[in-house]
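Whatever order the structure lists them in is the order used to number ligands and atoms, beginning at 1.
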Amino acid sequence: MRLLYCLLLVGAAGLLSSGQPGNEAASEKRVSDLLRRMTLEEKVAMLAGAGWMETVAHPRLGIPAIKMADGPMGVRSWLGTSAATSAAAKPITSTAFPSGIAMAATWDPELVQREGKTIGQEAKALGRDMLLGPTVNIARAPLWGRNFEGYGEDPYLAARLAVAYIRGVQGEGVIATVKHFAANNEEYERHRIDEKIDERALQEIYFPAFQAAVREAGVRAVMNAYNKVNGLYCAENPHLLADVLRKQWGFQGFVVSDWGSTYSTVGTVNAGMDLEMPGGEAMRTWLVRPKTKEDGNGCGFLTPEKVLPEVKAGRISVATVDEHVGRMLRAMFAMGLFDKPKTGGGAVDTPEQRAVAREAATQGIVLLKNAGNALPLDTGKLRSVAVIGPNAAVARTGGGGSSQVRPNYAVTPLDAIKERAGGRVRVEYALGVTMEGEDAKDNPRLREEAVALAKKSDAAVLVVGYAPTLESEGFDRKTLNLPAGQDELIRAVAAANKNTLVVVNAGSPVAIPWIGQAPAVLDMWYGGQEGGHGIAAVLFGDANPAGKLPVTFPKEMKDSPAYGHYPGENLRVEYAEGIYVGYRHFDTRNIEPLFPFGHGLSYTTFGYGGLQITPGSPVRVSFQVRNTGSRAGAEVAQLYLHQAKAGVDRPAKELKGFRKLVLKPGEAQTVTLTLDRSAMSYYSPAKKAWVAEPGTFEVTVGASSRDLRLRGNFELR
Ligand code: BGC
């Protein structure tokens with residue numbers, strides 16, 4: 001018997017061994033071979049996971065488990081992350097990259113692709129086959145607890161970066177998972193909320209990053225969202241999974257449920273959701289009892305005990321089961337899971353990997369304000385710096401929740417500032433306020449110490465913001481303001497020292513009511529393990545800031561597009577603003593933001609000129625950008641499009657192209673961007689199609705959505 005088992009194993013492995021990843025035709029034959037050999041029970045067993053982060057393996061047939069790890073900001077330890085895993089297991093450490101929003105602020109697909117590649121290498125080295133990232137949900141409301149994970153408010157920018165990240169990860173033979181499909185834009189009641197979203201908003205705002213992930217990057221896995229969209233949970237939503245994902249976009253990979261997002265057996269299987277996670281003992285321990293739609297956080301509906309009777313009763317067909325299993329096998333063959341065990345190759349947290357994290361942390365920093373060239377700090381003149389604030393002496397590498405990576409080390413802003421200042425400049429520290437726990441309140445006395453320190457110093461660097469306990473997956477932020485009296489702290493310090501430089505470390509916009517009092521303000525988002533080095537490099541001018549905002553900073557909550565219909569009530573939320581999300585809302589409705597989308601200053605200046613628009617298919621837009629200042633620096637040139645007269649309402653402007661340029665002083669480069677019909681189209685729910693309507697299109701080019709330097713137009717005939 002044992003001999004027979006061994007022979008079968010060897011035979012199956014030999015027969016099924018696929019060629020290179022991407023060899024789709026060969027994989028296809030192997031998928032059908034394998035499906036023919038599997039029993040119904042074996043197939044059904046694959047519809048639910050075997051544990052917290054693994055799928056069911058079938059050694060009899062040489063089918064390995066898919067071993068997963070969370071992302072997207074690095075490879076998250078899959079050990080000790082849940083009640084279901086052994087407390088004794090030693091958690092895995094890996095490189096902690098900056099948050100998604102920080103990566104979005106780089107506007108640099110090449111860098112994001114290198115980040116994805118590095119994460120792919122680490123996943124492989126740690127023996128994982130699949131990474132649960134990127135997160136591409138749109139920043140609809142500034143209080144969403146997971147804004148830090150995503151790529152901001154604009155679908156075009158999010159799409160470009162999603163494609164880059166996925167190419168990086170999958171190029172290493174690791175399955176990437178674009179998540180959460182669709183419209184997971186708030187944590188409030190995320191397991192039960194029903195979102196009413198019109199089809200045009202879905203197609204134009206909430207879908208494009210997923211569509212690009214499927215069509216351009218060939219992503220192998222899509223994770224469904226927890227929430228309902230238009231009355232149906234995403235896991236059992238045929239419109240999302242069958243019509244859009246598979247029919248419209250031609251998705252060939254498999255859909256994995258978010259952890260605890262399934263609520264039915266027949267509905268879920270027949271809608272096209274392939275793999276329920278978690279599964280096995282992990283699921284049973286985690287759930288305590290299977291939950292219902294009313295409780296939220298459902299799971300345990302795709303177990304063999306639930307699925308097999310439905311197949312026998314004819315409510316789920318064998319052909320449907322074959323489709324689900326086939327999709328998983330196809331991805332596994334294509335990514336080489338049958339051929340190459342992922343364990344044992346490569347290393348984690350190497351100097352090269354750390355260097356990518358450091359570059360990303362630096363490039364994502366946005367200089368919001370720099371009155372009188374308060375920055376960079378001049379070490380020739382400076383004798384003392386006061387470093388103040390609840391985010392100064394602690395490394396806030398990311399927000400809270402499943403994306404949290406455990407790095408081997410993390411550099412705090414205080415340590416990096418001290419290291420950079422060297423012996424010549426005295427660096428002293430005061431906490432100012434406590435942000436977390438019992439002491440999290442505005443304490444006039446932990447302020448006095450900070451003010452006294454600021455008074456006797458040449459400059460004060462305040463590092464403020466949020467923390468993973470206050471900005472996280474699982475709940476939304478309560479307010480746009482900084483917590484725990486940080487606004488008062490900043491005002492007091494700024495009154496004591498006119499050279500007060502404020503660094504915000506948070507994953508989403510914050511209100512800045514003290515903007516008139518601080519000469520310089522920066523946003524470092526959550527910069528990963530190298531965030532401290534990044535901010536020190538920018539403060540001292542070793543790096544020239546190049547980040548641009550991937551989200552609009554509103555002056556106050558009531559200006560934000562979702563205001564009045566966020567987070568919803570009675571378990572329903574209406575996306576009443578439709579397509580007017582982010583700057584589409586501010587610019588079309590003439591609302592002055594605090595800082596516009598695309599904004600970000602540099603220590604040098606850039607001039608724009610020579611706009612040329614060449615009609616054709618595609619339309620070619622070229623222009624010149626010149627570094628007109630005295631330092632080398634990078635500029636992100638942005639192209640926006642507008643159609644004034646159309647059969648439907650169109651936003652005042654929409655981002656349709658960008659390019660990051662590194663320029664020496666005096667250097668100029670010509671940029672050519674192309675616009676195809678999809679850039680000009682809107683989605684017509686009536687026609688169920690994208691429509692490019694003939695007429696005049698206005699092209700604007702500039703340094704932000706509100707700093708437009710060049711204008712022209714073309715006719716679409
Ligand atoms: C999150 C996912 C994550 C999964 C597994 C869920 O709570 O929403 O993004 O991948 O957990 O940890």
Side-chain angles (χ1 to χ4, degrees), residues 48-55 66-85 91-92 94 99-101 119 123 128-138 144-151 162 165-166 169 174-193 209-210 213 219-228 233-235 254-263 273 275-280 282-283 285-287 291 295-299 398-406 468 471-476 507:
W52 187 251
M53 282 280 159
E54 295 194 8
T55 61
I66 306 176
K67 302 194 191 85
M68 310 176 187
D70 252 313
M73 281 117 65
V75 185
R76 176 178 165 80
S77 176
W78 54 96
L79 301 175
T81 53
S82 79
T85 50
I92 269 79
S94 62
S99 56
I101 195 100
I119 293 172
R128 308 321 279 177
D129 309 301
M130 172 160 161
L131 191 93
L132 305 177
T135 300
V136 302
N137 296 114
I138 292 294
W144 180 36
R146 274 181 113 163
N147 272 329
F148 71 90
E149 263 186 72
Y151 291 136
Y165 182 99
I166 293 161
V169 171
V174 172
I175 297 171
T177 314
V178 67
K179 66 188 189 183
H180 311 80
F181 190 58
N184 178 182
N185 311 106
E186 56 187 62
E187 294 301 278
Y188 170 79
E189 287 287 1
R190 67 175 176 168
H191 296 287
R192 302 196 296 170
I193 197 88
F210 290 97
V219 73
R220 297 284 172 186
V222 172
M223 185 187 289
N224 73 247
Y226 281 128
N227 46 275
K228 295 176 188 170
Y233 273 111
C234 292
F254 64 95
V255 179
V256 57
S257 76
D258 199 345
W259 272 230
S261 67
T262 50
Y263 299 94
M273 212 293 294
L275 170 65
E276 182 187 68
M277 290 297 290
M283 182 264 293
T285 324
W286 176 58
L287 280 183
K291 294 193 177 172
D295 298 326
N297 217 192
C299 202
S402 61
S403 62
Q404 272 182 311
V405 172
R406 288 171 202 256
E471 185 165 32
S472 171
E473 174 182 343
F475 58 89
D476 284 351

Measuring from the heavy atoms of [X], does anything fall under 4.0 Å of ligand 1?
X      : result
Met53  : yes
Arg190 : yes
Met68  : no

I need the atoms of ligand 1 closer than 4.0 Å to a non-hydrogen atom of [X], numbered in the order shown.
X      : value
Arg146 : 1 (C), 2 (C), 8 (O), 9 (O)
Leu132 : 10 (O)
Lys179 : 2 (C), 3 (C), 9 (O), 10 (O)

Return the residue, atom name and 0.1 Å-rounded distance of the protein heavy atom closest to [atom].
atom                   : result
atom 8 (O) of ligand 1 : Asp258 OD2, 2.6 Å
atom 5 (C) of ligand 1 : Asp70 OD2, 3.1 Å
atom 7 (O) of ligand 1 : Glu473 OE2, 2.6 Å

Taking side chain to side chain contact (heavy atoms under 4.5 Å, CB included) as the criterion, tell me which of Met130, Arg76, Met68 meets it with Met53.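 With Met53 as partner, Met130, Arg76, Met68 yield a single side chain to side chain contact (heavy atoms under 4.5 Å, CB included), made by Met68.
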Salt-bridged, [X] to [Y], with N to O below 4.0 Å?
X      : Y      : result
Arg146 : Glu186 : no
Arg220 : Asp129 : no
Glu189 : Lys228 : no

Would you say Trp259 and ligand 1 have an N/O pair spaced under 3.5 Å apart?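 In this structure, Trp259 places no N or O atom under 3.5 Å from an N or O of ligand 1.
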Closest approach of Met277 to Cys299 (non-hydrogen atoms, all atoms of both residues):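 That would be O-SG, 3.9 Å.
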With backbone taken as N, CA, C and O and side chain as the heavy atoms from C-beta onward, which portion of Glu187 lies under 4.0 Å from ligand 1: side chain, backbone, both, or neither?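 Neither part.
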Is His180 touching ligand 1 with its side chain, its backbone, both, or neither, if touching means heavy atoms under 4.0 Å apart?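 Only the side chain of His180 comes within reach of ligand 1.
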Could you go through Phe210 and Val136, starting from their C-alpha distance and side-chain angles, then the distance that decides it, and tell me whether this counts as side chain to side chain contact (heavy atoms under 4.5 Å, CB included)? CA-CA 7 Å; Phe210 290 97; Val136 302; 3.5 Å; yes
For Gly100, does its backbone N or O pair with a side-chain atom of Glu149 as donor and acceptor, under 3.5 Å?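 Not a single qualifying donor-acceptor pair exists.
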According to the interplanar angle, ranging from 0 to 90°, do the rings of Tyr233 and Tyr263 count as parallel (below 30°), tilted (30 to 60°) or perpendicular (above 60°)?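 If you compare the ring of Tyr233 with that of Tyr263, the planes turn out parallel.
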